[in-house]
2 protein chains.
Amino acid sequence: MDDPRNPTAPRAFEQPIVTVDIVLLTLMEDELCAALLQRARPPHLGEWTLPGGFVHTDTDEDALAAATRILETKAGVESPYLEQLQTFSGRHRDSRGWSVSIAYYALVSHQTLQRPGESATDASPLKWRAVDSIRSLPFDHRDILRAAVDRVRSKTLYSSLPVHLMPLTFTLSQLQSVYEALLRTELDKRGFRRRIEELDVVEPAPQQPTTRGAHRPAQLYRVKRKAANGVAIADRNLTR
Amino acid sequence: MDDPRNPTAPRAFEQPIVTVDIVLLTLMEDELCAALLQRARPPHLGEWTLPGGFVHTDTDEDALAAATRILETKAGVESPYLEQLQTFSGRHRDSRGWSVSIAYYALVSHQTLQRPGESATDASPLKWRAVDSIRSLPFDHRDILRAAVDRVRSKTLYSSLPVHLMPLTFTLSQLQSVYEALLRTELDKRGFRRRIEELDVVEPAPQQPTTRGAHRPAQLYRVKRKAANGVAIADRNLTR
DNA sequence: TGAATAGTGTCTGTTAGACATTATATG
DNA sequence: CATATAATGTCTAACAGACACTATTCA
């Protein structure tokens, strides 16, 4: 952590710009969608980018706090599932100079977003686009988006991460649909339920099941408190 | 990526310090060891820390290049396996101010380090310590070390990552010993070889097997070129 | 030939995938 | 009672774990 050329002046040379960018994801009509914001100033004025902003060293405790602040302020989203993704850096990714972007990804339920009088699209120019239809973005935001989508789809293979895309209560059939949309494949009902039970992250909700049609109503589930932020990793293979 | 308070001056407020820290790991006598360097200036002058340094915006293309430079310059290590770990940040982790550390982890073969006339301990005050014996480190370096060790051990469960701790050629028995040391458990020989074959990352070396004792000599293997940086992830579960 | 390690064969309990059956609601 | 979706039962092929056996070298 030293500057070898200036032993007595550790901050003698130009420091990079430090920003936080967030890939905010939700599921709408079986499509994984990312939130984009219209830039209010240059560079890339008027273009659509991932929500992001400078780290405020005067008020942010750390980068996670900056990400939380940016999500609330610029996207109107509170307390979603939020996890650090990867840090992107370099001389050429931002025309303003050598820059660092600490990238996060966030998952929200689309239903939860649409609270009365607080629609995200009211306060700010925010739009949702299907991630597979996004061909290019300013800066290196397409790389960041791609990394986040790959991460979420990869974790869907072996973890309960997608529960954070669900509303407060949901049925197992709905949860299965979400997994199927993310993985773009069909899953076997019995196998899916076995796996979800093993992961031990959801529990029956106390509410009564409400029926929607001429058929047996489905049990409502909710995310277990303790497991809300945990990610289960298969600890099989190679070990015995 | 804007400063909302200073629309025309995007870099108006204090930027964080940006550093790179590296958890350099190797295996010595069945113990996972990390490289520590003695700090040449304050803060924490004289204490042992992870190798690290400021990003040089004038010469480093990106953070990975900075990590490579620091490894070569300060630890005398060239072209190891190197991967971004996680970024640590905040107001209090460094007494010099709000700081960002883009952390990497690197794997090297201990045998490869000891080339004649280039011992790492010659040029710099570098020492290797068993990771499980390291109780405290300056800054938040113990957290960084812990994250790296957890990551390596976790990846050992399902990937071929540990091949990067091996010398140029090695036997499957030696590779199994490395896995066993990392996982701190014994593995079944048959199952281990089945799995390594599935991962498809090593191939028989052209060299003749050399025998070491009154027993059948072992086939020497080497890492496949194409797979040198790839990490295999089990794509089973939940999918059919 | 015995000792030591390398390498392969193979049995078996477990389980994931596939599909069948039962349960419960409405009209 | 027909129908639609929920929930569970169960068969089987595949595989991971366990262990036995063969191979090859040197003393």
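For the pair Asp188(B) CG and dC15(D) P, the interatomic distance rounds to 17 Å; values are reported in whole Å. In this structure, CD of Gln174(B) is placed 15 Å from C1' of dG7(C), rounded to the nearest angstrom. If you measure from atom CG of Leu175(B) to atom C1' of dG7(C), you get 15 Å, rounded to the nearest angstrom. If you take CG of Leu220(B) and P of dT5(C), they are 17 Å apart, rounded to a whole angstrom. Atoms CD (Gln219(A)) and P (dT5(D)) sit 19 Å apart, rounded to a whole Å. Residue Gln176(A) contributes atom CD, which lies 14 Å from atom P of dT5(D) at whole-angstrom precision. In this entry the distance linking CZ of Phe192(B) with P of dA18(D) reads 16 Å, nearest Å. For the pair Leu187(B) CG and dG7(C) P, the interatomic distance rounds to 17 Å; values are reported in whole Å.
By the salt bridge (Lys or Arg N to Asp or Glu O under 4.0 Å) test, Asp132(A) pairs with Arg153(A), Arg184(A), sequence neighbours left out. With sequence neighbours left out, Glu47(B) forms a salt bridge (Lys or Arg N to Asp or Glu O under 4.0 Å) with no residue at all. The salt bridge (Lys or Arg N to Asp or Glu O under 4.0 Å) search around Glu61(A) returns Arg91(B), not counting sequence neighbours. Qualifying side chain to side chain contact (heavy atoms under 4.5 Å, CB included) partners for Glu197(B), counting only residues two or more places apart in sequence or in other chains: none.
Picking from dA16(D), dT8(C), dA6(D) the nucleotide with the shortest atom distance to the side chain of Arg195(B) gives dA16(D). Nearest to the side chain of Ala218(B), among dA6(D), dG7(C), dC19(C), sits dG7(C). Closest to the Glu198(A) side chain, of the nucleotides dT8(C), dC19(D), dA16(C), is dA16(C).
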What N/O pairs connect the protein and nucleotides 10-12 of chain D at under 3.5 Å? Give each pair on its own line.
none

Check nucleotides 22-24 of chain D for protein N or O atoms closer than 3.5 Å to its own N or O atoms and list the pairs.
residue	atom	partner	partner atom	Å
dA23(D)	O4'	Arg216(B)	NH1	3.4
dT24(D)	O2	Arg216(B)	N	2.8

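Nucleic acid contact for Thr171(A): none, since no nucleic acid atom lies under 4.0 Å from a heavy atom of the residue.
A close approach under 4.0 Å does occur between a side-chain nitrogen or oxygen of Ser173(A) and OP1 or OP2 of dA6(D).
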- [ ] Please test Arg195(B) against Glu198(B) for salt bridge (Lys or Arg N to Asp or Glu O under 4.0 Å), starting from the C-alpha separation and ending with a verdict.
- [x] CA-CA 5 Å; Arg195(B) 178 56 54 101; Glu198(B) 275 169 20; 3.4 Å; yes
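Side-chain atoms of Tyr179(A) do not come within 3.5 Å of backbone N or O of Thr156(A) as any donor-acceptor pair.
One distance of note links OG1 of Thr169(B) with CD of Gln207(B); it measures 4.5 Å at 0.5 Å rounding. Atom CD of residue Gln86(A) and atom OG1 of residue Thr87(B) lie 9.0 Å apart, to the nearest 0.5 angstrom.
Side chains of Val163(B) and Tyr81(B) form no contact here, defined as non-hydrogen atoms less than 4.5 Å apart.
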